[in-house]
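Each ligand, and each atom within it, is numbered from 1 in the order the structure gives. Here, residue 1 is the first one in the sequence, and each next residue gets the next number.
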Amino acid sequence: MVVKNDPTLMFTNAGMNQFKDIFLGNIPRPYPRAADTQKCLRVSGKHNDLEEVGHDTYHHTMFEMLGNWSFGDYFKKEAIGWAWELLTGVYGLDKSRMYATVFEGSPEDGVPFDQEAYDIWLQYLPADHIIRGNKHDNFWEMGDVGPCGPCSEIHYDLRDESEIAAVPGREMVNQGSPLVIEIWNLVFMQFNRKANGSLEPLAANCIDTGMGFERLCMILQGKKSNYDTDVFQPTIQRIAAMSGKTYGADEKCDVAMRVVADHLRAISFSIADGQLPSNVKAGYVIRRILRRAVRYGYTYLGFNEPFICRLVAGLVDQMGGQFPELKAQQTLIEKVIEEEESSFLRTLATGINLLDGVMAEVRKSGGERISGKDAFLLYDTYGFPIDLTELIAREQGIEVDLEAFEKELQAQKERSRNAAAVDTDDWKELIHIKQSEFIGYDTLSAEVKIA
Ligand code: ATP
Ligand code: MG
Ligand code: MG
Ligand code: MG
């Protein structure tokens with residue numbers, strides 16, 4: 001899941017990442033076909049679902065993407081036919097609840113309507129279950145350049161009969177409904193996007209498919225939320241027992257339990273894959289995810305002692321068989337998480353109190369915005385992360401003046417630079433390291449006080 005040595009990508013965010021070089025023809029294909037499950041993390045860059053996670057029931061930070069692959073071997077007819085066979089024949093999904101989307105075409109790219117995929121789908125689905133989709137939903141690109149092509153997605157309607165009667169499923173596809181959701185994306189890689197923006201046909205047509213394992217589980221287990229499946233319930237029940245709260249009794253607590261259950265996986269698997277929390281790049285992404293979980297647990301579930309580390313053993317029991325790397329590093333994972341939690345919990349307690357005061361002032365004066373100065377004070381003096389200030393404020397309908405915050409930050413950096421060289425007699429004292437009384441988690445400037 002952790003990508004090393006690729007400046008464009010910190011974490012695997014789609015099943016195809018590790019096959020990139022085969023599609024590009026940079027390395028010879030080792031086999032014509034493959035089928036796999038790939039751990040993905042969508043928390044940064046082009047795919048970032050972090051803010052949704054916990055609030056909705058079907059986006060995770062870490063999830064397993066199931067895929068089948070053709071490297072210049074089979075193409076649309078087989079990919080669609082086999083997807084249909086697996087979903088309806090093997091898994092027994094209800095055909096009347098299934099919808100397929102096909103690419104409507106894009107004149108500016110010279111790509112026509114995907115008649116071929118449409119005609120194949122007509123063998124399985126009635127015409128009113130086949131929907132034309134635009135470039136945003138139905139044309140898949142790896143990046144600005146590289147292999148790409150139209151895609152065809154399978155969506156499933158989980159609503160009750162009465163709701164379906166009121167609004168037909170076809171009107172709900174790709175509308176952000178938690179109950180009419182995309183489960184599988186079949187990508188038909190036909191083109192190579194060149195640097196000048198034009199498309200050229202690939203030497204060999206390829207297939208890249210991705211199906212969300214947790215969403216599939218939800219459907220197969222007859223649930224309406226990924227979190228109600230046996231992928232997440234064991235952890236959620238543990239969180240419920242530890243907090244003395246019941247899942248399903250209160251929406252805010254439920255969101256918090258979902259956040260914690262989700263983030264536990266992302267953090268544990270990242271550490272197992274070699275990415276420790278830190279202050280930079282991929283490490284900071286992991287730290288942010290962990291803090292988001294701590295914050296929800298602290299605010300809504302009453303945890304003021306490290307608690308996520310206590311959930312690791314259960315996760316290892318559950319997933320360690322399939323993912324031995326998790327089992328092998330259980331102790332390290334627990335230790336790292338515990339340390340992160342305890343230091344962040346200290347920061348949190350102070351910061352949240354101060355932020356509450358700031359927001360009360362904003363409201364009293366009839367405003368809707370926390371000033372850059374206040375946000376910076378929280379950040380600089382109390383070590384309270386700016387993204388957390390933003391998150392908490394947003395939940396209360398308050399904005400943060402980020403532009404002004406940036407200016408404060410720049411000004412502070414200037415001050416530090418200027419202060420870094422101070423003349424004392426004939427000695428030049430560069431920086432003076434003091435014992436810090438700061439209780440924050442990691443702010444660099446707090447450990448190294450500029451003289
Ligand atoms: P959505 O529109 O629901 O955000 P997507 O179009 O971004 O999904 P794709 O990039 O096509 O998703 O990925 C292929 C499949 O992976 C999706 O059909 C879905 O089943 C699953 N998937 C995508 N994002 C997530 C996520 N954040 N959590 C769980 N499963 C996901
Ligand atoms: Mg998405
Ligand atoms: Mg989609
Ligand atoms: Mg998709």
Side-chain angles (χ1 to χ4, degrees), residues 1 9 11-20 35-69 79-80 83 86-87 91 93 98-104 117 131-143 147-158 172-189 207-220 223-229 231-232 258-259 261-266 269 285 289 292:
M1 193 165 76
L9 202 63
F11 302 100
T12 297
N13 63 18
M16 65 77 61
N17 295 163
Q18 76 278 27
F19 294 126
K20 196 162 132 180
D36 68 348
T37 170
Q38 171 63 47
K39 291 172 283 181
C40 294
L41 191 63
R42 293 197 164 179
V43 290
S44 55
K46 192 176 169 206
H47 294 285
N48 189 346
D49 294 331
L50 184 61
E51 296 305 323
E52 264 71 61
V53 174
H55 293 275
D56 79 14
T57 48
Y58 60 106
H59 280 105
H60 302 295
T61 53
M62 187 211 125
F63 63 99
E64 286 182 66
M65 201 185 277
L66 309 177
N68 58 290
W69 310 86
I80 293 175
L86 182 63
L87 293 180
Y91 296 153
L93 297 198
M98 277 172 62
Y99 293 84
T101 60
V102 295
F103 186 44
E104 66 183 5
I131 295 159
R132 290 169 190 238
N134 59 23
K135 206 167 154 176
H136 174 259
D137 288 315
N138 282 85
F139 194 85
W140 190 89
E141 310 215 27
M142 193 179 72
C148 55
C151 63
S152 189
E153 295 188 330
I154 300 167
H155 296 248
Y156 199 76
D157 193 341
L158 283 154
M172 304 285 292
V173 167
N174 272 334
Q175 301 303 309
S177 162
L179 294 179
V180 184
I181 66 162
E182 175 187 334
I183 52 171
W184 201 350
N185 189 357
L186 315 177
V187 183
F188 312 129
M189 287 220 230
I207 291 289
D208 152 3
T209 85
M211 170 155 60
F213 172 71
E214 299 76 10
R215 294 185 192 182
L216 177 66
C217 287
M218 163 173 68
I219 296 170
L220 293 181
K223 307 293 185 194
K224 293 193 170 177
S225 158
N226 289 6
Y227 295 93
D228 290 343
T229 66
V231 178
F232 289 98
R258 292 199 287 265
V259 165
D262 175 278
H263 293 8
L264 166 72
R265 294 176 9 127
F269 276 98
V285 173
I289 299 174
R292 189 170 183 262

Sub-4.5 Å side-chain heavy-atom contact between Arg215 and Phe63: no
Min side-chain heavy-atom separation Thr101-Asp137 under 4.5 Å: no
Tyr156 side chain near Leu93 side chain, heavy-atom distance below 4.5 Å: yes
Trp140 CH2 to Cys148 SG distance, which is reported to the nearest 0.5 Å: 9.0 Å
Proximal candidate to atom 5 (P) of ligand 1 [heavy atom criterion; set His136, Glu52, Glu182, His59]: Glu182
Those atoms of ligand 1 less than 4.0 Å from some heavy atom in Tyr58: 28 (N), 29 (C)
Over 12 foreign heavy atoms within 6.0 Å of NZ, Lys223: no
Gap between atom CD1 of Ile181 and atom CG of Asp56 - 0.5 Å precision: 9.0 Å
Protein heavy atom at shortest distance from atom 19 (C) of ligand 1: Arg215 NH1, 3.5 Å
Interfacing atoms of ligand 1 (cut-off 4.0 Å, heavy-atom, Trp184): 18 (O)
Validation row: Val53, His263 side chains within 4.5 angstrom (heavy atoms): yes
Leu9 side chain reached by Lys20 side chain, heavy atoms, under 4.5 Å: no
Lys135 vs Phe103 side-chain heavy atoms within contact, under 4.5 Å: yes
Any N/O pair Asp49/ligand 1 closer than 3.5 Å: yes
Sub-3.5 Å N/O-N/O distance, His47 and ligand 1: no
Selection from Glu64, Met62, Met65, His155 by shortest heavy-atom distance to atom 13 (O) of ligand 1: Met65
Per-atom contacts of ligand 1 with Ile183, taking only distances under 4.0 Å to non-hydrogen atoms: 18 (O), 20 (O)
Cut-off under 2.8 Å, centre the Mg ion (ligand 3), protein N/O/S atoms: Glu182 OE1
Minimum-distance protein heavy atom relative to atom 15 (C) of ligand 1: Gly210 O, 3.5 Å
For atom 29 (C) of ligand 1, the protein heavy atom that lies nearest, with its residue and separation: Phe63 CG, 3.4 Å
Separation between CZ of Arg42 and CD of Glu52, rounded to the nearest 0.5 Å: 12.0 Å
Shortest protein heavy-atom distance from atom 7 (O) of ligand 1, along with the residue and atom involved: Arg42 NH1, 3.2 Å
Which residue and heavy atom of the protein sit nearest atom 11 (O) of ligand 1, plus the separation: Asn185 ND2, 2.9 Å
Nitrogen or oxygen of Met211 less than 3.5 angstrom from that of ligand 1: no
Other residues, nucleotides, ligands: >12 heavy atoms within 6.0 Å of Phe213 CZ: no
Per-atom contacts of ligand 1 with Glu153, taking only distances under 4.0 Å to non-hydrogen atoms: 6 (O), 11 (O)
Residue from Asn185, Leu87, Ile154 passing side chain to side chain contact (heavy atoms under 4.5 Å, CB included) with Met211: Leu87
Ring geometry between His60 and Phe232 (parallel below 30°, tilted from 30 to 60°, perpendicular above 60°): parallel
Distance from atom 28 (N) of ligand 1 to nearest protein heavy atom, with residue and atom: His60 N, 2.8 Å
